[in-house]
Every structure is written in structure tokens, then in C-alpha cells.
Number of protein chains: 2
Amino acid sequence: MRKRIPTATTKRLPLYHEYISRMEAEGSKWVSSFMIANALGLTPSTIRQDLKHFETIESSSFGYSTKSLKKVLENALGVTTGANMVLVGVGRLGMAIVHHKKFREKGFVIKGLFDVNEDLIGKRICNVPIYPLGRLPEIVKKKRITIGIVTTPVESAQYVTDLLVDANIKGIWNFVPINLRVPPNVAIENVNLCPSLFLLAFRIKLLEEMP
Amino acid sequence: MRKRIPTATTKRLPLYHEYISRMEAEGSKWVSSFMIANALGLTPSTIRQDLKHFETIESSSFGYSTKSLKKVLENALGVTTGANMVLVGVGRLGMAIVHHKKFREKGFVIKGLFDVNEDLIGKRICNVPIYPLGRLPEIVKKKRITIGIVTTPVESAQYVTDLLVDANIKGIWNFVPINLRVPPNVAIENVNLCPSLFLLAFRIKLLEEMP
């Protein structure tokens, strides 16, 4: 079925998914095409046309069912199968990510941690073992790892990324605020919290301007 | 000047800002309306119409200057002035956020930390003092705090949010994966890393499907 979905629609799916996740977190049971359009700066008819490609979305006079739409989008995005991941850089941020339960619930499981700190190697965090960096190629292969999470200091981030790429990782989830170079066959997603904070500042400004 | 910008355009500005920040991080000097449109599922003409409201964006035959466009958007979003913030919940994630330097560079400064752990109170992290929760109203008032960052355990998040709201905070930056209730005059932004991870998984899928 995915073959027939136009490219333009495909590109909008992650946007829809992010919006729906937000709405679900806020407790909304239904979302209308008007609400989605309004939030994303699109037209309601674009939303309706796009979502027509998915026949199984539950809807009512209130709009689409948030839960059903989220599920359909996750299927279309191919994120329902999850992935095995490793995390490199067991600092404060790395620790916080390992303790986060949400990814695991979705099938995205951290199978190994890597650090250069000798004191950490051999220990476990949330039952995930910490390995020396030298064992990365072996573990990635053995545990069928597809995603590498980079939470190292800035200075080591490119070196670690190169190691991950050489170990045939398929995607890099980068938490380090620099531009990492990866070959075109490797996907990369940079986490940047600034836009989220700026959006909050913008919302505060809009509220202050209200009569 | 902002008065004349249509609401629909205003709603798209945070999307543009997020895209531009990403492009800047990836080292792009120029972005075209076609690139922005393509990434966000909009039409190039919508982008051009929207950005016409800002006369000072530097452009060339390659498109808009990334740096100039980012600056103009940040002005329009009202995020150039920054804000004073407090953080409640000095755990792993809280610590990681305090150590993050990017917000401070943009004028968003954490002025106080709060926790219930007696062992932490009186200490400093990155030179920011940790106070007992009871001092929150006083510190928020004295230091002109407008944003409260919530990084507590799930169980305490709503209680802490209520304290922040009662202390006349204007916005909540929520890192806890639950739906917090705030009155309509308080802005809220929920940080959720799942969409970012799903986007990575989606990109990997697209790369795998390529011939």
C-alpha cells in the first residue's frame, strides 16, 4: 500500500506524527483536520487528502481518533518494529537516556553502552553492560545493532561516529551540538533542544500580547 | 511591524526556525524556498509569501542566507531577549540540562535549582545554587523568573507545576512524560524525544528502500 503514497505526503507524515504525539500527551482523544492544519500551517484539505491514503483511521464527528491516527502513522513510518541500539558516552546525558523508559516501550532497545572511562567498563546501567570502545565493531555485529546514540564530549563525537559508521551502523542519533559527517547511506538525526525552548518563549510572548 | 503578519504565517515561523537551525547545524550557508518547502511539506510560494513580511533577510541566487534568516526568525519569535529560568528536580536529566551551554548562549539562563534531597540543598552545579522547594516562590519573584523547567520524577511533576504556577511563572518546559495541567494563561512545552528517534528510524527505512 505504501507504494501509492505520494512523496509529498510521505514527507509530511513525521510532522503529523509529532503533532499527534503531542496531542496524545495532552490527553486529546480526537483531532480534526482543521486542528492539525492550524498547528502545522497547512490547509485542512491537504491533511484530509494525505490521510485518505490510510483507510483504517478511526474517525467521528469530532475528527480522527488520536490513538488510531498515531498507530497508522507509526505503521506508515515503519517505526513499529523498533531497533537495537548502542550508546557511546556514558556521562550525565547518556545516563539519563539509558534510564528513559519510553523508547524501550516502542521496541527501541539499548543493547550496549561504550565509554573510555576504565572505571565504568564492566559495570551495568539498567542492566545494560558498559564495554570498552574497542569492542564496538564486535558488539554491533553480534547484537544486530542498527542505531548508534552519540552522547560523548564534542571533541570525541566525530571519532565515535566514524567508528559506528565503520561498524555498519545504519543511523546516528546525535545529542552532541556539532555537525557530524556521515556517508550518504547512513541516516542522521540531530537532537537540538533550543527550538523547543524557543517555541515556549514564543508561546509566552503570544499569551502576553493577548488582550 | 509584527502586527501586519498574518496569523497563519506566524504559526509557521517556529517550523521555519526549527528547519533553519537544523540546516545551520549541518553547515548550510544558503537555503532556498524550494528546500524549505520540500522539508516541511509546504509549497515554495507559501514560503516566499511568508518570508516577504521580513524585509531584512539577506538572499542570493542560492536562496536565503541561513544565518540571516535564522536571526530574522528569532527576532520575530521574540526569543532574542532570553529568559530567567529555574529547574526543579536535580536528577540525571536535570544535571545534564544545567550543564548544557546552548541555552545560556541564547540568553536563557538557569538562575536556581530546586530539589527535595537534603544532601543536595546548599550545593551548586555550574555555579547555580540548589534551594529547598519551599523557597521557590521567593526565588522566582526575586530573580524575575519566567520559565520553570520540570525534570522531577513523574509522581511529583504536577505538584511542582502547581507550585510554579502559584509562583506566577509564565511558561513550563516539561521533560516529564506526562500531561501536566496548567491554567490558560501559562504556556507549556513538552519535550518528547520519541518523534526524533522515530524520524531517524523513518530515514533509515527510506534509505533501505532506495535502489
Side-chain angles (χ1 to χ4, degrees), chain A residues 8-9 11-15 17-18 21-22 25-27 38-42 46 74 77-79 83 91-93 95-97 99-100 102-103 106 108 146-147 170-173 177-179 185-208, chain B residues 8-9 11-15 17-18 21-22 25-27 38-42 46 74 77-79 83 91-93 95-97 99-100 102-103 106 108 146-147 170-173 177-179 185-208:
Chain A
T9 298
K11 296 217 165 159
R12 285 189 284 266
L13 298 183
L15 279 181
H17 181 260
E18 184 161 2
S21 304
R22 191 186 288 264
E26 291 175 10
N38 200 30
L40 300 178
L42 299 164
T46 302
E74 288 184 359
L77 290 168
V79 297
R92 281 174 294 266
L93 181 61
M95 294 264 204
I97 293 169
H99 280 88
H100 199 83
K102 280 246 163 175
F103 317 137
K106 298 287 181 181
F108 289 82
T146 52
I147 291 176
K170 290 178 177 167
I172 301 279
W173 201 21
I178 60 160
N179 173 26
N185 62 329
V186 174
I188 186 158
E189 165 70 10
N190 297 302
V191 175
N192 181 356
L193 291 176
C194 282
S196 166
L197 181 56
F198 291 175
L199 189 56
L200 177 62
F202 182 48
R203 291 213 187 113
I204 292 173
K205 194 182 166 192
L206 290 183
L207 280 173
E208 281 172 346
Chain B
T9 299
K11 297 219 163 159
R12 284 188 284 266
L13 299 183
L15 279 180
H17 182 261
E18 184 161 3
S21 303
R22 190 187 289 265
E26 290 174 11
N38 200 30
L40 300 179
L42 299 164
T46 302
E74 288 183 359
L77 289 170
V79 298
R92 280 174 295 264
L93 181 61
M95 294 264 204
I97 293 169
H99 280 87
H100 200 83
K102 281 249 162 171
F103 318 136
K106 298 288 180 179
F108 289 82
T146 52
I147 291 175
K170 289 178 178 167
I172 301 279
W173 201 20
I178 59 160
N179 172 27
N185 62 327
V186 174
I188 186 158
E189 165 70 10
N190 298 301
V191 175
N192 181 357
L193 292 175
C194 282
S196 167
L197 181 56
F198 291 173
L199 189 57
L200 177 62
F202 182 49
R203 290 211 186 115
I204 292 173
K205 193 182 167 191
L206 290 182
L207 280 173
E208 282 173 346

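Only heavy atoms go into these numbers, but all of them, side chains included; no hydrogens, no water, no symmetry mates. Fair warning: this is a prediction, and the values are worked out from it, not measured in the lab.
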Give, as side chain, backbone, both or neither, the part of Ile204(A) having an atom under 4.5 angstrom from any heavy atom of chain B. both

Where on Phe108(B) is there a heavy atom nearer than 4.5 Å to chain A: the side chain, the backbone, both, or neither? side chain

Might you work through the side chain to side chain contact (heavy atoms under 4.5 Å, CB included) test for His100(A) and Arg92(B), ending with a clear yes or no? CA-CA 10 Å; His100(A) 199 83; Arg92(B) 280 174 295 264; over 6 Å; no

When rounded to the nearest 0.5 angstrom, what distance separates NE2 in His17(B) from CZ in Phe198(A)? 5.0 Å

Work out which heavy atom in Leu77(B) is nearest to a heavy atom in Lys205(A); give both atom names and the distance. O-CD, 3.7 Å

Part of Leu15(A) within contact of chain B (heavy atom distance under 4.5 Å): side chain

Checking the side chain of Arg203(A) only, and the main-chain atoms of Ile188(B) only, is there a donor and an acceptor separated by less than 3.5 Å? yes

Given Cys194(A), Ser196(A), Gly91(A), the one with more heavy-atom pairs under 4.5 angstrom with chain B than any other is Ser196(A)

Would you mind checking which part of Leu193(B) comes under 4.5 Å of any heavy atom in chain A, side chain (CB onward), backbone (N, CA, C, O), both or neither? both

Is Leu197(A) in contact with chain B via its backbone, its side chain, both, or neither, using a 4.5 Å heavy-atom distance? both

Worked check of side chain to side chain contact (heavy atoms under 4.5 Å, CB included) between Ile147(A) and Leu200(B): CA-CA 9 Å; Ile147(A) 291 176; Leu200(B) 177 62; 3.8 Å; yes

Sort out for me which of Lys170(B), Lys106(B), His99(B) touches chain A most, counting heavy-atom pairs under 4.5 Å. His99(B)

Top of Thr46(A), Thr9(A), Leu199(A) for chain B proximity - count of heavy-atom pairs under 4.5 angstrom: Leu199(A)

